[in-house]
There are 2 protein chains.
Amino acid sequence: MEVDKTDLKILKLLQENAQLTFKEISQKINLSITPIHDRIKRMEKEGVIEKYVTILNKKKVGTSLVVYCNITLDKQTRHNFTEFEERVTQFPEVVECHIVSGGFDYLLKVITKDMESYNQFHQQKLSVMSTVAHIHSFFVMSEIKSTTVLHLQD
Amino acid sequence: MEVDKTDLKILKLLQENAQLTFKEISQKINLSITPIHDRIKRMEKEGVIEKYVTILNKKKVGTSLVVYCNITLDKQTRHNFTEFEERVTQFPEVVECHIVSGGFDYLLKVITKDMESYNQFHQQKLSVMSTVAHIHSFFVMSEIKSTTVLHLQD
DNA sequence: TTATTTGAAGAATAATTTTCTTTTATATTC
DNA sequence: GAATATAAAAGAAAATTATTCTTCAAATAA
């Protein structure tokens with residue numbers, strides 16, 4: 001089934017705060033609790049809502065170094081791609097991995113404690129892979145904006 | 001106050017699923033509900049826990065084009081930085097904006113409906129800014145990994 | 001018109017959160 | 001070492017919320 005305008009209103013609220021109660025949501029969009037409940041449960045079932053997560057303060061949990069890596073593989077074979085993806089997905093330091101268009105193969109977002117632990121990650125996990133030909137690291141000096149909220153049009 | 005080992009156990013669980021009940025958490029880490037409750041409330045207050053959010057399926061809400069932009073400013077003056085940051089932060093299409101080391105000034109993550117709407121964003125919002133000298137767009141062709149979970153060490 | 005389906009409302013029940021009191025363990029002071 | 005404070009945890013009660021069930025109204029199809 002499709003998401004209608006009422007669903008969008010609910011999603012806009014939930015994106016920002018997953019802890020809103022059915023009562024609060026129902027008051028904000030002028031509807032009783034029942035349809036709110038049913039719509040959310042339906043969207044969870046359909047996979048429109050993927051999950052509810054907790055966002056932590058990076059500094060306060062001791063992971064404040066964010067690095068973007070451009071990775072180029074040795075040879076662009078299916079086997080090399082698969083192997084790289086399987087291994088890189090396992091690393092907890094890698095929070096994002098994308099195949100991108102342009103001058104390199106993968107864009108990684110890596111979060112570690114500090115420069116020392118990033119160096120370890122780089123040397124012991126990334127460089128070690130035989131499929132990796134080239135790594136270029138961009139260090140985040142300041143985080144201007146970071147949100148999980150998608151722009152939902154009506 | 002510091003986060004101790006028990007706090008870390010709680011955070012590891014909550015990062016993956018913000019909807020776990022106190023009861024469920026207390027069972028998973030062998031503690032009664034009271035300390036679980038108190039610790040979570042304390043970490044919310046201290047800002048260790050920033051927020052609880054809902055993650056939506058990009059395809060199913062009609063925002064499936066992800067683009068990374070490398071931006072170079074005209075002149076690297078404080079005024080130019082401030083102006084650029086203030087405007088770019090407002091755009092709902094921009095979900096991330098970082099100042100990075102290396103060959104350019106800003107790294108943006110932009111999410112839009114499709115190539116047409118990205119083109120509109122690019123032409124009507126990004127290029128328009130007089131401070132922006134150069135934009136290089138990398139299009140995400142495949143998302144291999146994407147998580148909000150930080151690697152917490154014990 | 002008469003069924004049928006869909007969405008919403010309200011009430012009852014079940015579960016969870018929150019608060020309060022008591023207990024236990026860990027330091028601290030004399 | 002004993003007594004006293006302090007902090008953390010446990011348990012129970014109260015308040016709130018989620019879930020289920022039944023009813024009602026509107027839209028759709030036969």
Side-chain angles (χ1 to χ4, degrees), chain A residues 1-63 147-150 152-154, chain B residues 1-63 147-150 152-154:
Chain A
M1 195 182 278
E2 270 296 293
V3 290
D4 64 13
K5 287 186 178 180
T6 306
D7 291 335
L8 278 178
K9 284 184 192 169
I10 297 172
L11 292 177
K12 280 182 183 177
L13 292 171
L14 282 180
Q15 275 199 114
E16 310 256 7
N17 182 5
Q19 290 215 326
L20 288 171
T21 63
F22 292 118
K23 194 179 168 188
E24 287 170 318
I25 297 171
S26 76
Q27 285 166 348
K28 282 176 195 287
I29 68 183
N30 260 17
L31 218 69
S32 70
I33 290 174
T34 309
I36 301 293
H37 178 271
D38 293 349
R39 282 166 180 273
I40 291 174
K41 290 303 158 190
R42 172 177 53 74
M43 290 191 285
E44 287 174 0
K45 206 170 186 175
E46 288 173 350
V48 177
I49 292 174
E50 273 187 1
K51 53 190 171 181
Y52 303 95
V53 304
T54 302
I55 305 296
L56 308 181
N57 184 300
K58 280 200 282 290
K59 276 189 190 170
K60 299 201 174 173
V61 296
T63 59
T147 181
T148 54
V149 175
L150 301 173
L152 305 178
Q153 33 246 69
D154 313 72
Chain B
M1 194 181 281
E2 271 295 292
V3 291
D4 63 13
K5 286 188 178 180
T6 305
D7 290 335
L8 278 179
K9 284 184 193 172
I10 296 173
L11 293 177
K12 281 184 184 178
L13 292 170
L14 282 179
Q15 274 200 113
E16 310 255 7
N17 182 5
Q19 290 216 326
L20 287 171
T21 63
F22 292 117
K23 195 179 167 189
E24 287 170 319
I25 297 171
S26 75
Q27 287 165 346
K28 282 178 196 286
I29 69 183
N30 260 17
L31 221 70
S32 71
I33 289 174
T34 309
I36 301 293
H37 177 272
D38 292 351
R39 282 166 180 272
I40 291 174
K41 290 303 158 192
R42 172 177 52 75
M43 290 191 285
E44 288 175 0
K45 206 169 187 175
E46 288 173 350
V48 177
I49 293 174
E50 272 188 1
K51 53 189 169 180
Y52 303 93
V53 304
T54 302
I55 305 296
L56 307 181
N57 184 299
K58 279 200 282 290
K59 278 190 189 170
K60 299 201 173 173
V61 296
T63 59
T147 182
T148 54
V149 174
L150 302 174
L152 306 178
Q153 34 247 71
D154 313 70

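Atom CD1 of B:Ile36 is separated from atom P of C:dT18 by 14 Å (rounded to the nearest Å). In this structure, the NZ atom of A:Lys5 is 18 Å from the C1' atom of C:dG7, given to the nearest Å. Rounding to whole angstrom units, NZ of residue B:Lys45 and P of C:dT18 are separated by 14 Å. Distance, A:Leu31 CG to D:dA26 C1': 14 Å, rounded to whole Å. Between B:Gln27 atom CD and D:dG11 atom P the separation is 13 Å, expressed in whole Å. For the pair B:Ile40 CD1 and C:dT17 C1', the computed distance is 11 Å after rounding to whole Å.
Side-chain atoms of A:Ile10 and A:Met43, non-hydrogen and from C-beta on, do get closer than 4.5 Å to each other. Counting heavy atoms from C-beta outward, B:Leu152 and A:Leu56 have side chains that approach closer than 4.5 Å.
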List, with names and distances, any nitrogen or oxygen atoms from the protein found under 3.5 Å away from nitrogen or oxygen atoms belonging to nucleotides 15-21 of chain D.
residue : atom : partner : partner atom : Å
D:dA18  : OP2  : A:Phe22 : N            : 3.1
D:dT19  : OP2  : A:His37 : NE2          : 3.4

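The residue A:Arg39 sits close only to the backbone: its heavy atoms come under 4.0 Å of sugar-phosphate atoms, none of a base.
A distance of 8.5 Å separates CG in B:Asn57 from OG1 in B:Thr63, rounded to the nearest 0.5 Å. To the nearest 0.5 Å, atom CG of residue B:Asn17 and atom CD1 of residue B:Ile25 are 8.5 Å apart.
Closest approach of B:Asp7 and B:Asp4 over heavy atoms only: N-OD1, 2.8 Å. Counting all heavy atoms, side chain and backbone alike, A:Lys60 lies closest to B:Glu46 at NZ-O, 2.6 Å.
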